[in-house]
Q: 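Provided herewith is a single structure, encoded as structure tokens, for subsequent inquiry.
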There are 2 protein chains.
Amino acid sequence: MKNFILPIEKLVASFSRLPGVGRKTAVRYAYYIINSKEADVRAFAQSMVEAKETVHYCRICGNFTDKDVCDVCKRGDKSVVCVVAEPKDILALEKVSDYVGTFHVLHGLLNPLDNVTPKDIRIKELLERISVDGVHEVIMATNPTVEGEATAIYIGNLLKPLGVKVTRIAQGVSLGTDIEFVDEVTLTRALEDRREI
Amino acid sequence: MKNFILPIEKLVASFSRLPGVGRKTAVRYAYYIINSKEADVRAFAQSMVEAKETVHYCRICGNFTDKDVCDVCKRGDKSVVCVVAEPKDILALEKVSDYVGTFHVLHGLLNPLDNVTPKDIRIKELLERISVDGVHEVIMATNPTVEGEATAIYIGNLLKPLGVKVTRIAQGVSLGTDIEFVDEVTLTRALEDRREI
């Protein structure tokens with residue numbers, strides 16, 4: 001395969017490292033950059049370095065922040081903690097306007113096959129918060145996958161002896177889906193967890 | 001819609017400007033950057049600025065190069081010129097190993113609706129090359145779209161009085177496709193079957 005000149009090849013290689021970006025998409029992005037104004041390209045590069053330099057984890061919950069403690073921890077109800085796997089999950093849950101509690105980011109899920117054990121994710125930090133902040137409910141909002149379920153059950157078992165109420169977000173059919181195409185496990189859950197209307 | 005903290009929001013905005021990238025994809029890219037090593041992020045930003053700084057148009061053909069004259073112009077047969085709309089088309093055509101001529105990038109196609117007239121694309125430069133380099137054949141390899149066809153015919157009519165053989169790549173390339181993405185076999189056929197216009 002013929003290659004581009006070195007500076008373009010380097011840029012294509014950089015873009016190729018982004019998740020889900022193959023060579024053709026990377027080339028498209030690279031051409032866009034080369035055809036952009038120099039000031040815009042510098043601003044783009046600057047935004048990248050700046051985000052990397054200023055963004056770190058919140059000391060309390062592990063969410064992304066550019067301060068010591070993130071805004072959610074500052075304003076949220078510390079007695080209710082919603083546990084998620086990654087910071088991006090927080091944004092989705094924050095949109096649910098009636099949730100006023102705080103969050104806790106595990107930065108991963110238990111996964112023995114990938115050697116992710118309880119000490120590799122932020123479980124110790126969660127246990128510390130339980131006693132310090134007087135948490136009375138922990139909502140496990142990890143993905144409904146094998147790893148997410150296992151992590152929810154593991155943490156649930158750790159917390160229950162401490163007298164904390166541990167709940168799991170409900171599983172069922174999501175809004176707008178076709179029951180015809182919903183998988184059996186989800187339908188079984190949806191039937192089990194049915195509620196009176 | 002809830003927003004991220006400012007540095008992340010800025011980075012998401014930067015990525016959103018890339019072609020075909022919506023907010024969700026931009027967020028995914030931004031998270032990737034924040035989770036990357038600082039050295040890698042700096043290298044990425046550097047590759048962007050460097051490509052923008054060093055890459056410019058070849059003085060002769062208008063292809064992207066980091067030198068004064070691009071490699072294709074240096075080694076190619078100057079008497080045969082293949083005319084394309086954009087630099088990215090050159091890489092696709094270069095893969096056709098039996099083409100030994102040079103290229104000429106128009107940087108656009110005639111498009112009256114978008115106010116792209118003959119003086120907006122590199123037609124004058126092409127005419128200069130005809131006399132200076134003793135060009136005996138010009139192959140029009142613009143996209144087989146309305147604009148590409150119109151540009152090919154326009155340039156053909158300009159060049160024929162000068163005694164230059166003007167050919168058009170055969171309609172082996174299917175109507176409406178992008179030369180950038182056509183497979184090599186089709187491109188080879190299209191070059192072989194070029195016809196006089």
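These values consider heavy atoms only, across backbone and side chains, with no hydrogens, waters or symmetry-generated copies. No experiment lies behind these values; they were computed from the predicted model shown. Order of the sequence lines fixes the chain letters, A, B, ..., with proteins taken first and strands second; residue numbering starts at 1 for each chain.
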Q: Looking at B/I34, B/T54, B/V49, which one has more heavy-atom pairs under 4.5 Å with chain A than the rest?
A: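 Of B/I34, B/T54, B/V49, B/I34 has the most heavy-atom pairs under 4.5 Å with chain A.
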
Q: Given heavy-atom pairs under 4.5 angstrom as the criterion, report whether the side chain, backbone, both or neither of A/I5 touches chain B.
A: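 Just the side chain, heavy atoms under 4.5 Å.
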
Q: Side chains of A/K10 and B/M48: closer than 4.5 Å at any heavy-atom pair?
A: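 Sidechains of B/M48 and A/K10: no contact.
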
Q: Tell me, for B/K37 versus chain A, whether the close heavy atoms (under 4.5 Å) come from the side chain, the backbone, both or neither.
A: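 Backbone of B/K37 only, per the 4.5 Å heavy-atom cut-off to chain A.
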
Q: Given a strict heavy-atom distance threshold of 4.5 Å, which part of B/N35 is in contact with chain A: side chain, backbone, both, or neither?
A: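 Backbone plus side chain of B/N35, per the 4.5 Å heavy-atom cut-off to chain A.
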
Q: Flag yes if more than 12 heavy atoms outside B/K74 fall under 6.0 Å of its NZ atom; otherwise flag no.
A: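 Enclosed: over 12 neighbouring heavy atoms sit under 6.0 Å from NZ of B/K74.
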
Q: Return the CG to CD1 distance between B/L18 and A/I33, rounded to the nearest 0.5 Å.
A: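 Those atoms lie 5.5 Å apart.
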
Q: So for atom CD1, which belongs to A/I179, do other residues, nucleotides or ligands contribute more than 12 heavy atoms lying within a distance under 6.0 Å?
A: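 Counting neighbours around CD1 of A/I179, 12 or fewer heavy atoms of other residues, nucleotides or ligands fall under 6.0 Å, so no.
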
Q: Under a 4.5 Å side-chain heavy-atom rule over Ile, Leu, Val, Met, Phe, Trp and Tyr, are A/V80 and A/I130 clustered together?
A: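 No, because A/V80 and A/I130 fall into different hydrophobic clusters, even though each may have its own neighbours under 4.5 Å.
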
Q: In Å, rounded to the nearest 0.5 Å, how long is the span from NZ of A/K88 to CZ of B/R28?
A: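 Between A/K88 NZ and B/R28 CZ, I get 7.5 Å after rounding to 0.5 Å.
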
Q: Given the options A/E86, A/H56, A/E53, which has more heavy-atom pairs under 4.5 Å with chain B than any of the others?
A: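 Between A/E86, A/H56, A/E53, the count favours A/E53.
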
Q: Mind checking whether A/V135 and A/Y99 sit in one hydrophobic cluster, side chains of I, L, V, M, F, W, Y counted as touching below 4.5 Å?
A: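 No.
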
Q: With hydrophobic residues grouped by side-chain heavy-atom distances under 4.5 Å, do A/L126 and A/I60 end up in a single group?
A: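 Unlinked, A/L126 and A/I60 end up in two clusters.
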
Q: Please answer whether the main-chain N or O of A/S36 pairs with a side-chain N or O of B/K52 as donor and acceptor at a distance below 3.5 Å.
A: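 The answer is yes, because a donor-acceptor pair under 3.5 Å joins these two groups.
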
Q: Can you tell which part of A/Y31 gets under 4.5 Å to a heavy atom of chain B, answering side chain, backbone, both or neither?
A: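 When you check distances to chain B, only side chain atoms of A/Y31 fall under 4.5 Å.
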
Q: Please rank A/C70, A/A51, A/A43 by heavy-atom pairs under 4.5 Å with chain B and give me the top one.
A: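 Of the candidates given, the most pairs with chain B belong to A/A51.
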
Q: How about A/Y29 and B/F15: do any of their side-chain heavy atoms sit closer than 4.5 Å?
A: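 Sidechains of B/F15 and A/Y29: no contact.
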
Q: When you group the ILVMFWY residues by side-chain heavy-atom contacts below 4.5 Å and let the links chain together, are A/V81 and A/L158 in the same group?
A: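 A/L158 and A/V81: one cluster.
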
Q: Does atom CD (B/E38) have a neighbourhood of more than 12 heavy atoms from anything else shown, all under 6.0 Å?
A: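 More than 12 heavy atoms, drawn from other residues, nucleotides or ligands, come within 6.0 Å of this atom.
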
Q: Please check if the number of heavy atoms outside A/K67 that lie under 6.0 Å from its NZ is greater than 12.
A: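 Count over threshold, so yes.
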
Q: Are B/L91 and B/V55 connected, step by step, through hydrophobic side chains (Ile, Leu, Val, Met, Phe, Trp, Tyr) whose heavy atoms are closer than 4.5 Å?
A: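 Yes.
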
Q: For a quick test of reading the model, state the closest non-hydrogen atom pair linking A/F44 to B/S14 and the distance between them.
A: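 Minimum heavy-atom contact is CD2-CB, 3.5 Å.
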
